[in-house]
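Worksheet: the structure to be examined is printed underneath.
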Amino acid sequence: REEVVERTLERLSGAFDEQIRLLFGGGGGELRLTERGLEMRVRLPSKKPVSIDSLSGGEKSLSALAFILAAQRLRPSSLYVFDEADAMLDGVNCKRYVRALKELSKRAQVVAISLKKETLEEVDHLIGVTMRDGESKIVAVSREAAS
Amino acid sequence: REEVVERTLERLSGAFDEQIRLLFGGGGGELRLTERGLEMRVRLPSKKPVSIDSLSGGEKSLSALAFILAAQRLRPSSLYVFDEADAMLDGVNCKRYVRALKELSKRAQVVAISLKKETLEEVDHLIGVTMRDGESKIVAVSREAAS
Amino acid sequence: AALDIIRIVNFKSFRRAVIPLPAGLVAITGPNGSGKSNILDAIAFVMGWRASRLRASKMENLVRKGSNAAEVSLLIRNSAERISVSREIRPSGEGVYRVNGKRRSATEVMELLREMGFLVDRYTFVTQGDITSIVEMSPRERARLLEEIS
Amino acid sequence: AALDIIRIVNFKSFRRAVIPLPAGLVAITGPNGSGKSNILDAIAFVMGWRASRLRASKMENLVRKGSNAAEVSLLIRNSAERISVSREIRPSGEGVYRVNGKRRSATEVMELLREMGFLVDRYTFVTQGDITSIVEMSPRERARLLEEIS
Ligand SMILES: Nc1ncnc2c1ncn2[C@@H]1O[C@H](COP(=O)(O)OP(=O)(O)OP(=O)(O)O)[C@@H](O)[C@H]1O
Ligand SMILES: Nc1ncnc2c1ncn2[C@@H]1O[C@H](COP(=O)(O)OP(=O)(O)OP(=O)(O)O)[C@@H](O)[C@H]1O
Ligand SMILES: [Mg+2]
Ligand SMILES: [Mg+2]
């Protein structure tokens, strides 16, 4: 059992490192098991390495996404749902985020809730929701309705 | 002491009710002291009342702002700083948010960090920050640089 | 396996809705408070989450105000098969799971969903405001995530 | 009272910066990771917050990587007076507060700031991701907020 976890960790850390590099356009990451538990290290391109709690809101969001994408490679789920995971991302990072989700959607079903134009422009299908007469209504299931 | 808290609560609840009405264009709110503590109730326009934990992310953000603005009337601070308090707000609510901050800025100093165009368009002054050569740099302290 | 259609009856802000999910990357958008997160809640509800994980202090709060029962059905395509998995909250407050219309235990439904690859965890279902928690959690909590992934 | 200028030396991602705050509603914007939240941290740092409240596990992590000391000064206008309040982290890790260049205790500085109306609480300084906490906190915690406001 412990050996399974060790081997999983090795693969997970490698995948995490790759995802960080892809999402941030450089740098790298590492997952390491210590007495404290599973520690996460992220090194961003052209930046001095700092502990992950000092990362910005947007940087934490992308690092978390890198972890999720790494986990997907090891233990795939049939469905992924992201509720405003791009809330703190700027325009450039929204594009990186939605392109990563697009890649993920080739291997799994992916649904993302978003208010960001830069994200919504890139998806294959858009479902609109509104509140009318005190009830939620689906207003469209269409291709690129928002662009 | 308990009387002070009681009287403060009465004024705070009234102010909270007013701020909810202003921020949501209707409805109302109430703050009530019970054995469980300080309970918060929000009733939104054209919606069935639900407990505050069932509110949406955007609705929670505005309700929290209503509380802060109510508290300001009772115990004013010289300075207010909001770090991406509009992260979950849609375009319409960003306008309501920034207009409330603008009103607040008549009585106190207000600084808001934001990535939202609908918010940034309405402020009096914009300070830009970028990362260059591994250090944060202030790039502008200007009026409406982003519009 | 793929989630083809979500059918919602009197769940949270939805009175009646049938939501087909097309293939490819799907986004849900709309104004604050319109019901986007409630759709995620509807899916997670059928997949076993309890009220507290769905922004409700008890099961009854998941039922649309003014109604006395709620039901969400997920139409799943699994290779050639089409399977309906649903969960109902009866007026009594009792919860009932069904597969293709037949009543099943929660355990049986969770097992079936897991077999079809539906892992409903914090690293597959990211709820609003929760994305940064993977970075902000303690190393001990993250070690538990590793356990789940292994 | 009003905060006129923030002067930052080797604090987090800032090497050297002088940030004047104009009158009226001010917004700070820029790309992810550029240093916006670090400006809020700089202000809160002088106003007494400890490392853990500033996304740092210890004081040393607030010092810009590669430097050995940090200092933030706030130039405050209080009616006709202009007051400088600063806080330094020395290479030893020791913290030093100063008012108009003279060393003061933390307690004295907190009292001075409070007298000038600077209340640095969770309902005056809303940190990133924290806005909804007022709604999501337990009634007990909110009662404690009421205590602070009373
Ligand atoms: N049992 C219920 N009956 C009726 N309405 C309900 C019930 N539970 C929740 N709601 C309503 O659902 C709304 C919130 O919906 P939801 O969280 O899906 O919004 P959202 O589209 O995700 O918005 P946001 O963009 O702000 O996150 C609330 O306004 C609430 O009034
Ligand atoms: N001690 C330090 N030395 C050098 N850089 C640091 C230090 N502490 C934090 N940083 C850097 O500060 C950056 C984060 O800055 P900040 O949180 O202010 O960003 P932000 O502009 O608020 O971004 P976002 O929009 O994503 O919230 C991190 O990338 C980190 O590398
Ligand atoms: Mg939502
Ligand atoms: Mg920030």
Side-chain angles (χ1 to χ4, degrees), chain A residues 4-5 8-9 12 31 33-34 36-40 52-53 55 57 60-61 63-65 67-68 71-72 74-85 87-88 98 101-102 105 109-115 119-120 122-131 135-139 141 146, chain C residues 1-3 8 12-40 43-44 64 76 116-121 123-136 138-150:
Chain A
V4 173
V5 174
T8 306
L9 179 58
L12 190 67
L31 297 166
L33 210 47
T34 67
R36 254 175 287 163
L38 183 58
E39 295 190 41
M40 180 185 275
I52 52 168
D53 44 359
L55 291 177
K60 282 178 181 174
S61 301
S63 300
L65 181 66
F67 183 96
I68 290 168
Q72 188 278 334
L74 272 72
R75 191 145 189 246
S77 173
S78 300
L79 173 67
Y80 289 85
V81 184
F82 296 91
D83 194 346
E84 296 200 32
M88 297 193 259
V98 69
L101 292 196
K102 205 150 180 168
S105 72
Q109 192 172 6
V110 184
V111 178
I113 296 169
S114 177
L115 296 183
T119 298
L120 300 171
E122 303 287 328
V123 304
D124 299 317
H125 299 278
L126 212 54
I127 296 176
V129 192
T130 53
M131 183 67 84
E135 64 178 273
S136 291
K137 292 198 156 83
I138 306 301
V139 292
V141 183
Chain C
L3 174 53
I8 306 176
K12 291 198 155 191
S13 59
F14 285 86
R15 188 181 55 84
R16 275 192 168 286
V18 177
I19 310 171
L21 293 184
L25 178 58
V26 175
I28 298 174
T29 197
N32 291 138
S34 55
K36 307 180 293 295
S37 298
N38 289 347
I39 295 172
L40 181 159
I43 299 170
R64 179 170 161 80
I76 295 166
M116 295 194 283
F118 292 101
L119 312 170
V120 188
D121 279 309
Y123 60 94
T124 57
F125 265 54
V126 179
T127 56
Q128 197 164 359
D130 201 43
I131 181 74
T132 53
S133 66
I134 289 173
V135 171
E136 289 168 344
S138 70
R140 190 120 342 267
E141 293 176 90
R142 205 176 295 116
R144 243 171 281 148
L145 265 193
L146 177 63
E147 288 284 329
E148 285 173 39
I149 297 165
S150 303

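Small disclaimer: the values here were computed from a predicted structure and weren't measured. Lettering of chains follows the sequences in order, A, B, ..., and the numbering in each one begins at 1.
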Spacing of [atom1] belonging to [X] relative to [atom2] belonging to [Y], to within rounding of 0.5 Å:
X         : Y         : atom1 : atom2 : result
Ile131(C) : Met88(A)  : CD1   : CE    : 8.5 Å
Leu33(A)  : Leu146(C) : CG    : CG    : 6.5 Å
Glu136(C) : Met40(A)  : CD    : CE    : 11.0 Å
Thr127(C) : Phe82(A)  : OG1   : CZ    : 12.0 Å
Ile149(C) : Phe67(A)  : CD1   : CZ    : 4.0 Å
Leu126(A) : Leu25(C)  : CG    : CG    : 10.0 Å

Next item on the list: Mind jotting down which residue pairs meet the salt bridge (charged side-chain N to carboxylate O under 4.0 Å, His left out) criterion with at least one end in residues 13-30 of chain C? Sequence neighbours excluded, please.
Entry: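 Qualifying pairs: Glu135(A)-Arg15(C).
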Margin query: Can you pull out every salt bridge (charged side-chain N to carboxylate O under 4.0 Å, His left out) where at least one residue sits in residues 26-35 of chain C? Sequence neighbours excluded, please.
Written below: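 Checked against salt bridge (charged side-chain N to carboxylate O under 4.0 Å, His left out) - neighbours excluded - no pair reaches residues 26-35 of chain C.
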Let me know if [X] has heavy atoms under 4.5 Å from chain A in its side chain, its backbone, both or neither.
X         : value
Ile43(C)  : side chain
Ala44(C)  : neither
Gln128(C) : both
Ser13(C)  : both
Asn32(C)  : side chain
Leu145(C) : side chain
Glu141(C) : neither

Name the member of [options] that forms the most heavy-atom pairs with chain A at distances under 4.5 Å.
options                                   : answer
Ser138(C), Gly129(C), Ala17(C), Ser37(C)  : Ser37(C)
Met116(C), Arg64(C), Glu148(C), Arg144(C) : Arg64(C)
Gly33(C), Ala143(C), Pro31(C)             : Ala143(C)
Ala1(C), Gly24(C), Ser133(C), Ser34(C)    : Ser34(C)

Let's test your reading of the structure: which of [options] forms the most heavy-atom pairs below 4.5 Å with chain C?
options                                 : value
Ser78(A), Ser114(A), Ser63(A), Ala87(A) : Ser78(A)
Leu115(A), Asp53(A), Leu74(A), Leu65(A) : Leu115(A)
Pro76(A), Ala64(A), Gly57(A)            : Ala64(A)
Leu101(A), Leu12(A), Val129(A)          : Val129(A)
Arg75(A), Lys137(A), Glu84(A)           : Arg75(A)
Val4(A), Ile113(A), Leu55(A), Thr119(A) : Ile113(A)

Notebook entry, point to check: After noting the C-alpha distance and the side-chain angles of Leu21(C) and Ile127(A), does the key distance pass the side-chain contact (heavy atoms from CB on, under 4.5 Å) rule?
Noted result: CA-CA 9 Å; Leu21(C) 293 184; Ile127(A) 296 176; 3.8 Å; yes
Can you name the closest pair of heavy atoms from [X] and [Y] and give their distance?
X         : Y         : answer
Ser136(A) : Gly35(C)  : OG-CA, 3.6 Å
Tyr80(A)  : Tyr123(C) : CE2-O, 3.9 Å
Ile52(A)  : Val135(C) : CD1-O, 3.4 Å

Margin query: When you compare the side chain of Val111(A) with that of Phe125(C), does any pair of heavy atoms fall below 4.5 Å?
Written below: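 Side chain of Phe125(C) against side chain of Val111(A), heavy atoms only: no contact under 4.5 Å found.
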Note to self: So for Ser77(A), is it side chain, backbone, both, or neither that comes closer than 4.5 Å to the heavy atoms of chain C?
What the structure shows: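 For Ser77(A), backbone and side chain are both near chain C.
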